[in-house]
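Report on the following structure.
Every chain is numbered from 1 and lettered A, B, ... according to where its sequence line falls, protein lines coming before strand lines. Quick caveat, the model's predicted, so the values are computed rather than measured. Because only heavy atoms are used, hydrogens play no part in the values below, and waters and symmetry mates are left out as well, while side chains stay in.
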There are 2 protein chains.
Amino acid sequence: MTSIEDVAVATGVSTATVSRALRGLAGVSEGTRARVLSAAQELGYVPSSAASGLASGRTMAMGVLLPSIERWYFSAVLEGVDRQLRAAGYDLIVFSLGGRGANRERVFHRSILRKRIDALLVMCMELTEEEHRSLRELESPTVVVGGSVQGVRHVGIDDRVAVRDAVEHLISLGHTKIGHVRGSGSDGLYFEVPRIREESFLETMASRGLPVRSEWCVFGDFRFNESKHAVTQMLSTVAERPTALFCSSDEMAFGALTAATELRIRVPEELSVIGIDDHEFAEPMGLTTVRQVPEEQGAFAADLLLGELEGRTPLQCPPTQPHTLVERASTGPAPS
Amino acid sequence: MTSIEDVAVATGVSTATVSRALRGLAGVSEGTRARVLSAAQELGYVPSSAASGLASGRTMAMGVLLPSIERWYFSAVLEGVDRQLRAAGYDLIVFSLGGRGANRERVFHRSILRKRIDALLVMCMELTEEEHRSLRELESPTVVVGGSVQGVRHVGIDDRVAVRDAVEHLISLGHTKIGHVRGSGSDGLYFEVPRIREESFLETMASRGLPVRSEWCVFGDFRFNESKHAVTQMLSTVAERPTALFCSSDEMAFGALTAATELRIRVPEELSVIGIDDHEFAEPMGLTTVRQVPEEQGAFAADLLLGELEGRTPLQCPPTQPHTLVERASTGPAPS
DNA sequence: CTGAAAGCGCTAACAT
DNA sequence: ATGTTAGCGCTTTCAG
């Protein structure tokens with residue numbers, strides 16, 4: 001590998017000057033900079049991140065800790081994070097717990113703390129007190145994306161209001177018999193979001209004086225398949241059917257939609273379905289939903305962290321991210 | 001930060017011994033090792049990856065270069081890669097081109113080559129000759145996952161055969177009027193797979209003496225929405241409809257399914273639909289498809305690379321990954 | 001089995 | 001504007 005030394009020799013300057021020139025620092029004459037640049041180019045020189053990281057204390061990499069990569073929300077956030085990071089010349093290191101929390105300790109110690117990252121973005125999970133302390137000692141700025149977590153600032157929509165908007169949309173269409181398809185965090189990894197969504201559903205119903213029937217509330221595990229089964233089961237056994245279903249995520253709403261189709265229950269004439277997310281499939285499936293844009297959330301969070309790494313003053317309370325009701329064909333007036 | 005020096009002092013041994021003890025190398029008495037371990041534990045010592053990377057030349061990180069994170073196949077592969085890496089104590093660095101190939105040069109030089117990774121897994125895209133050379137100089141083992149690429153070994157299914165299996169399944173059901181929903185790589189990032197799938201469709205049809213009608217072949221861009229529109233358009237304008245549709249991916253098959261539903265075309269009575277992938281939604285949507293398991297492919301590729309990093313002899317031709325036809329409700333006998 | 005010492009390749013004062 | 005000089009924290013010969 002060609003090192004900074006080689007470039008220095010080739011240009012006839014010191015390594016310090018090469019370093020300065022390459023990083024665009026002030027205090028290098030234009031002539032020298034040009035010669036350094038071309039020599040570096042010529043030699044195919046690429047600085048070693050390990051060496052510069054060791055010397056400068058900055059790794060130019062950011063970590064993202066998440067429960068799993070594959071879920072729509074997570075990969076979308078990742079996409080947004082990556083976009084900003086790439087633009088800023090930072091690398092993205094992914095720490096996935098792969099659905100299980102078991103190896104979490106190892107992830108944290110063997111990876112995150114190894115001075116490999118300058119900042120950490122945590123997706124929808126709580127850090128233990130000890131993990132927090134470790135990060136504070138490392139002085140790595142941290143932010144949570146997606147689910148509010150006590151004591152840590154977070155970037156995300158206001159789930160409470162988003163749910164209320166969804167449910168009130170149903171109510172405004174005349175629905176009173178409203179069921180709920182809820183999720184939960186696998187292994188308690190991101191339990192906050194499903195909980196808040198359920199609470200808000202109950203609150204909104206209560207505030208409108210509408211009863212909630214427990215047989216209309218089923219568990220869809222944030223998944224299409226689970227939701228489809230649960231909803232099928234519910235719709236085909238219950239004495240009286242709900243006229244609308246609020247689903248805590250679009251994927252579960254897809255399940256509800258599919259269940260309805262298979263049971264020959266017309267949507268929205270007999271059953272309205274609303275979700276949350278605006279998943280890529282929501283539009284083609286005609287699903288009414290509350291849109292959130294995870295990619296933007298990820299980008300926002302990444303920018304926030306990036307800003308702090310560049311010395312901007314820490315933002316203690318990032319602004320709430322926007323959500324919007326998107327009306328499509330899956331909701332309609334309650335049957336009379 | 002507590003350094004190896006601190007641990008050495010606390011234990012009363014040299015840093016060299018601490019290093020050996022912590023890494024489990026031979027030549028350290030059990031007593032010493034135990035004392036070192038407990039001191040390290042006590043002090044909360046975590047080795048710096050930059051320092052050890054610089055000194056040893058191994059970063060304990062692997063890179064994954066992909067066109068975008070969010071597409072199902074990519075994130076699923078990533079999940080598999082991460083699983084194996086995590087188990088081996090390696091970190092995962094993600095280089096996403098974010099759909100556009102523009103910043104590719106920068107990604108490569110500013111990131112990949114910066115001695116930040118020990119090996120590179122490339123997803124579905126070709127490396128330029130120069131990129132290859134760079135990696136060879138770095139001596140980083142490389143492998144491509146998902147689409148065969150000339151001159152580089154790759155891990156993936158045999159797309160040609162997979163497509164043939166799908167199409168022959170339709171033919172065996174008596175279909176002769178078969179259409180195709182094809183994809184393509186965005187910006188030529190992963191053009192190989194869609195091309196092979198299309199070719200194989202044509203070949204299979206030809207080999208059975210079946211004509212291919214160009215008006216039945218539409219472009220779905222590997223997406224639900226595009227596919228739905230294209231299929232809707234096609235089915236509602238064509239003089240005679242096909243009785244079956246082979247879709248180059250499940251997501252496009254979902255689009256076809258949805259299009260059919262909206263047009264009140266019964267599946268599979270009037271139209272059979274088959275995809276490729278076995279996407280998470282395929283089962284609940286009742287889609288017949290050819291299953292591939294990207295997570296396993298990613299894990300396999302990661303293992304392959306990991307093995308070489310540990311000195312196992314390079315595998316020039318990784319075995320073809322398996323695919324299986326999964327029959328569900330979306331395919332049935334051709335209408336008579 | 002353990003220690004001393006020489007770097008790995010770069011950055012960051014401090015000089016000039 | 002540029003060079004000198006120390007390290008950054010670890011690994012790795014080479015001795016003992």
Side-chain angles (χ1 to χ4, degrees), chain A residues 1-37 39-40 43-61 89 110 113-118 137-139 309, chain B residues 1-37 39-40 43-61 89 110 113-118 137-139 309:
Chain A
M1 282 310 297
T2 101
S3 76
I4 198 172
E5 179 84 39
D6 302 321
V7 180
V9 170
T11 322
V13 298
S14 71
T15 60
T17 299
V18 173
S19 175
R20 287 188 277 251
L22 257 25
R23 284 181 300 154
L25 297 189
V28 181
S29 75
E30 276 319 307
T32 310
R33 188 186 305 276
R35 289 188 343 226
V36 168
L37 252 47
L43 298 172
Y45 168 69
V46 178
S48 148
S49 62
S52 75
L54 185 54
S56 70
R58 322 180 72 232
T59 63
M60 296 302 282
R110 276 192 29 190
L113 298 179
R114 296 199 65 188
K115 280 216 161 91
R116 183 157 273 181
I117 57 172
D118 293 331
E137 274 174 30
L138 266 184
E139 298 182 307
L309 290 176
Chain B
M1 281 309 298
T2 102
S3 76
I4 197 172
E5 179 83 38
D6 301 323
V7 180
V9 170
T11 322
V13 296
S14 71
T15 60
T17 299
V18 173
S19 175
R20 286 189 277 251
L22 256 26
R23 285 181 301 153
L25 296 189
V28 181
S29 74
E30 275 322 306
T32 309
R33 189 186 304 278
R35 284 182 309 132
V36 167
L37 254 45
L43 297 173
Y45 168 70
V46 178
S48 147
S49 63
S52 76
L54 184 55
S56 70
R58 319 179 74 233
T59 64
M60 297 301 280
R110 275 194 26 193
L113 297 178
R114 297 199 64 188
K115 280 218 163 95
R116 183 158 271 181
I117 56 172
D118 293 332
E137 275 174 28
L138 265 183
E139 299 182 307
L309 291 176

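In this structure, B/D6 places its CG atom 14 Å from C1' of D/dC8, rounding to the nearest Å. Between the CG atom of A/L22 and the C1' atom of D/dT2 there is a distance of 15 Å, rounded to whole Å. Following rounding to the nearest Å, A/L43 (CG) and C/dG9 (P) show an atom-to-atom distance of 15 Å. Atom CD in A/E5 sits about 11 Å away from atom C1' in C/dC10, given to the nearest Å. Atom CZ of B/R116 is separated from atom P of C/dC10 by 14 Å (rounded to the nearest Å).
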Donor-acceptor list for residues 27-34 of chain B side chains, cut-off 3.5 Å, not counting sequence neighbours:
unit_1	atom_1	unit_2	atom_2	d
B/S29	OG	B/T32	N	3.2
B/S29	OG	B/T32	OG1	2.7
B/R33	NH1	B/A21	O	3.0
B/R33	NH2	B/L25	O	2.8

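Under the rule for a side chain to side chain contact (heavy atoms under 4.5 Å, CB included), the partners of B/T11 that lie at least two apart in sequence or sit in another chain are B/V7, B/V13, B/R35, B/V36, B/A39. By the side chain to side chain contact (heavy atoms under 4.5 Å, CB included) test, A/S49 is found to be paired with B/R114, B/R116, residues two or more places apart in sequence or in another chain being considered. Qualifying side chain to side chain contact (heavy atoms under 4.5 Å, CB included) partners for A/T2, counting only residues two or more places apart in sequence or in other chains: A/D6, A/L43, A/Y45.
The side chain of A/S48 contributes no N or O atom lying less than 4.0 Å from OP1 or OP2 of C/dC8. Between B/S14 and C/dG3, a side-chain N or O to OP1/OP2 separation shorter than 4.0 Å is present.
The structure places OG of B/S48 at 12.0 Å from CG of A/L113, a figure rounded to the nearest 0.5 Å. Taken to the nearest 0.5 Å, the CD1 atom of A/I4 stands 8.5 Å off from the OG atom of A/S14.
Proximity of a side-chain donor or acceptor of A/S19 to a complementary backbone N or O of A/T15 within less than 3.5 Å is not detected. The closest donor-acceptor contact from the side chain of A/D118 to the backbone of A/R58 lies at 3.5 Å or more, if one exists at all.
Each of D/dA1, C/dT2, D/dG9 was ranked by its minimum atom distance to the side chain of B/L54; first place goes to D/dG9.
Note on A/G12: only backbone sugar-phosphate atoms sit closer than 4.0 angstrom, heavy atoms only; bases stay farther off.
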Quick tally for nucleotides 11-16 of chain C: nucleotides whose base has a protein heavy atom under 4.0 Å get B, sugar-phosphate-only ones S, the rest -, giving SBB---
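A rotation axis mapping the C1' atoms of four pairs onto the next four is fitted at both ends of the helix from C/dC1-D/dG16 to C/dT16-D/dA1 over five pairs, and the angle between these axes is 30° to 10 degrees.
Closest non-hydrogen pair, B/T59 versus B/K115, comes out as CG2-O, 2.9 Å.
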